[in-house]
Amino acid sequence: MTDGATVRRYVPRTTGLHRDFYLHTLAGGLHLQACEDCGERQHPPRYYCRACRSKALSFKAATGTGTIYSFTVSHFTHDPGWAAAAPFGTVVVETDEGPRIVASWLGANDDIRIGTRVRIVIEPVNEAFGMLQAEAL
Amino acid sequence: MTIELSGSSAIVGLGETDYLRGTDQGVLELVLDASMAAITDAGLHPEDIDGIIPPGGYVTSEEIAANLVIPDLRYSASVQMGGASPTAALQSATMAIATGVATNVLVTFGWNGYSAFRRQKGNEHQPRRRGQETPFIDISRHYYAPLGVRAAAQWYSFYLRRYVDLYDVQPEDAANVALACRRHAHLNDKAQMGGREMTLEDYLASPPIADPLRKFDCCLETDCANAVVLTSAERARDLPHQPVLWLGGAEGHPFPADDITNRLDILKLGIDTAAPRAFSMAGVSPRDMDVLEIYDCFTYVVMMQLEALGMCEPGGAKEFVADGNIELGGRYPLNTHGGLLSQGHCWGLNHIVEATRQLRHEAGPAQVPGAELAAVTGYGDLGDGSVAVLGRDR
């Protein structure tokens with residue numbers, strides 16, 4: 001990379017239910033699908049409820065807090081836009097509602113521990129996508 | 001009506017290209033060369049082939065038929081399970097043969113796993129086909145890729161982290177898999193890493209890729225193709241080589257297959273459900289195996305598969321791979337060709353080729369004396385699994 005040049009990171013052109021997920025999450029904090037028939041929460045969004053197969057699903061605000069379930073620290077990435085950030089941490093967060101989400105770690109890589117309580121922070125990127133990030137509570 | 005599949009088909013021909021890091025040969029030509037070699041090895045002609053199963057995305061059965069002049073293709077199918085596809089394809093081939101839909105089925109795979117993924121300035125002949133979108137593309141492009149997580153090493157680390165923590169698996173344990181594959185590669189003229197020594201110190205000094213994976217836990221990006229030909233067990237006995245019977249096999253998919261993080265048990269892979277089905281069909285026990293050809297995209301993934309196969313208890317893989325047990329001369333020689341780790345990455349079809357050689361007793365210096373039974377596994381995408389139990393025809 002030449003001095004001063006920034007390499008753009010991959011940004012998805014969000015579609016379908018996933019676009020709806022990001023639209024809701026950008027507007028009102030982390031949202032997770034909820035079944036209007038049985039109350040099940042699920043992620044990633046699907047067309048049928050994983051518990052009762054109802055199609056009566058909608059996006060409902062989540063607490064935005066959870067616990068680190070797993071993680072990796074990447075020293076390598078196929079995305080040139082992320083190369084300068086390596087090594088970077090990525091965490092799997094079990095939300096307090098149950099479903100797990102993947103988020104970028106905000107903090108020192110050495111501080112990532114399974115079981116750590118975290119808050120999800122949304123970094124808006126465009127009108128229909130925001131990066132999910134996690135910071136220690 | 002139930003059709004008995006176990007032992008109904010046999011692998012009668014095999015072919016492979018070299019395993020290269022860099023070539024101007026595109027995937028179609030590689031696949032055609034491996035396929036012609038397999039058909040010739042089987043003592044057949046291209047027009048005898050009436051079924052073709054190429055794993056999805058890289059080449060089509062119609063392209064293969066057009067180039068090899070196979071004018072009457074009766075059965076074409078594709079398996080969408082990433083690296084689990086070739087081993088799962090043996091089941092589809094067997095079903096086609098057992099039902100009479102096809103007589104001689106070609107299962108092939110090839111890719112420009114090295115050349116298509118690198119920019120080569122000024123090389124107009126650079127192979128460019130990269131395959132089609134993966135079956136989990138919607139999830140990965142919306143939830144993993146935007147976070148810089150775009151490689152298998154990164155996806156799998158989400159469950160490998162849980163695995164190594166749960167069973168206290170150390171890098172020195174996983175190293176046994178890498179070192180066994182490397183030692184076996186030294187016996188194989190076609191292995192990329194043949195002659196390149198690796199010590200435990202080399203392994204431990206290799207750079208981190210995605211925790212807990214380091215460089216020497218990861219397989220080799222390769223340009224290559226393999227092919228095998230299957231026919232009925234009956235017909236196989238009239239062909240030139242010692243038949244290698246497909247005694248049983250199965251595929252399995254974790255749930256949900258397209259998202260690695262929201263599984264009820266993140267350590268349960270497709271192979272966990274495939275393995276009991278495969279061994280039950282074959283009527284043999286995992287412990288009866290003479291040779292293991294285990295899909296070694298990553299060392300730790302081999303360990304998890306050994307447990308899922310029933311070679312050892314959950315958490316027992318670190319003992320299983322220790323003390324030379326998986327090396328030639330040990331009880332369960334594993335990846336006797338060098339594997340994806342040290343021969344090359346041909347999506348595990350090279351494991352099927354090697355198992356066939358072992359059971360023909362044509363594996364040269366890597367031959368396991370008197371080998372009668374082999375288990376082959378496939379692993380792909382976000383944890384799909386496949387198993388084949390192969391046996392030397394008596």
Side-chain angles (χ1 to χ4, degrees), chain A residues 9-19 21-22 41-46 50 68-95 98-105 109 112-115 123 125 128-134, chain B residues 113 116-119 130 133-134 136-166 206-218 221 255-267 298 300 382-383:
Chain A
R9 290 177 176 180
Y10 165 76
V11 174
R13 186 174 301 152
T14 55
T15 55
L17 287 175
H18 309 299
R19 185 176 182 87
F21 165 81
Y22 281 113
R41 304 299 291 267
Q42 66 184 13
H43 184 79
R46 309 279 186 187
R50 67 176 179 179
I68 294 180
Y69 177 80
S70 191
F71 67 93
T72 191
V73 174
S74 299
H75 297 257
F76 156 89
T77 169
H78 284 305
D79 188 336
W82 278 85
F88 57 89
T90 313
V91 293
V92 178
V93 175
E94 188 161 286
T95 63
R100 299 180 193 129
I101 61 163
V102 185
S104 282
W105 175 246
N109 292 333
I112 308 177
R113 298 273 183 285
I114 290 174
E123 171 82 22
V125 174
F129 174 75
M131 248 180 44
L132 302 184
Q133 302 172 318
Chain B
F117 296 89
R118 283 172 172 72
R119 238 175 256 163
R130 291 183 174 190
E133 288 184 339
T134 59
F136 51 95
I137 184 66
D138 240 23
I139 306 299
S140 69
R141 77 180 191 88
H142 280 102
Y143 301 107
Y144 309 157
L147 308 179
V149 174
R150 295 173 71 164
Q154 296 169 296
W155 303 324
Y156 304 165
S157 289
F158 291 145
Y159 66 73
L160 293 177
R161 167 46 54 196
R162 304 278 305 183
Y163 174 72
V164 301
D165 283 6
L166 181 62
S206 71
I209 299 292
D211 169 78
L213 297 169
R214 61 191 72 216
K215 184 175 172 183
F216 288 164
D217 291 310
C218 306
E221 296 169 300
F255 183 81
D258 67 350
D259 174 34
I260 215 160
T261 61
N262 275 285
R263 293 175 185 162
L264 203 56
D265 181 346
I266 201 170
L267 299 184
F298 302 99
Y300 295 92
L382 297 183

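Worth knowing before you read on, the calculation uses all heavy atoms, side chains too, and leaves out hydrogens, waters and symmetry mates. So you know, we letter chains A, B, ... as the sequences are listed, proteins then strands, and number each from 1.
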*Please report the closest heavy-atom contact between A:H78 and B:R150, naming both atoms and the distance.*
CD2-O, 3.7 Å
*asked:* Return the CZ to CD1 distance between B:R161 and A:I112, rounded to the nearest 0.5 Å.
replied: 10.0 Å
*Do A:R46 and B:D259 have side chains that get closer than 4.5 Å, going by heavy atoms?*
yes
_So for A:V11, is it side chain, backbone, both, or neither that comes closer than 4.5 Å to the heavy atoms of chain B?_
neither
*Segment of B:R263 engaging chain A (4.5 angstrom heavy-atom cut-off)*: backbone
*Answer yes or no: does atom CZ of B:F255 have more than 12 heavy-atom neighbours from other residues, nucleotides or ligands under 6.0 Å?*
no
*So do the side chains of A:I114 and B:R162 get within less than 4.5 Å of each other, counting heavy atoms only?*
yes
_Which atoms of A:A103 approach chain B - backbone, side chain, both or neither, heavy atom under 4.5 Å_ = backbone
*Contacts of A:R100 that satisfy salt bridge (Lys or Arg N to Asp or Glu O under 4.0 Å) - sequence neighbours left out*: A:E94
_Separation of B:D211 CG from A:H75 NE2 (nearest 0.5 Å)_ = 6.5 Å
*asked:* Give me the atom names and distance for the closest heavy-atom approach of A:F76 to B:A151.
replied: CE2-CB, 4.1 Å
_Ignoring hydrogens, what is the shortest heavy-atom contact between A:R50 and B:N262? Give both atom names and the distance._
NH1-O, 4.3 Å
*Closest contact, heavy atoms only, B:L147 versus A:S104*: CD2-OG, 3.6 Å
*Looking only at non-hydrogen atoms, find the nearest pair between B:S157 and A:S70 and report the distance.*
O-OG, 4.2 Å
_Please enumerate all residues that pass side chain to side chain donor-acceptor pair (under 3.5 Å) together with B:R141, with sequence neighbours excluded._
A:T15
*When rounded to the nearest 0.5 angstrom, what distance separates OG1 in A:T72 from CG in B:L160?*
8.5 Å
*Classify the ring geometry between B:Y143 and A:Y22 as parallel (under 30°), tilted (30 to 60°) or perpendicular (over 60°).*
parallel
*So which of B:I260, B:I266, B:D165 has the largest heavy-atom pair count under 4.5 angstrom toward chain A?*
B:I266
_Exercise: identify the closest heavy-atom pair between A:F88 and B:Q154_ = CZ-NE2, 4.0 Å
*Quick one: what part of B:Y144 sits under 4.5 Å from any heavy atom of chain A, side chain, backbone, both or neither?*
side chain
_Quick check for you: among A:Q42, A:M131, A:H18, A:H43, which has the greatest number of heavy-atom pairs under 4.5 Å with chain B?_
A:H18
*Do A:T90 and B:F158 touch side chain to side chain, with heavy atoms closer than 4.5 Å?*
yes
*Using non-hydrogen atoms and a 4.5 Å limit, figure out which bit of A:L132 sits close to chain B: side chain, backbone, both or neither.*
backbone
*Taking every heavy-atom pair that is under 4.5 Å apart, which of A:V102, A:V91, A:I101, A:T77 has the most such pairs with chain B?*
A:V102
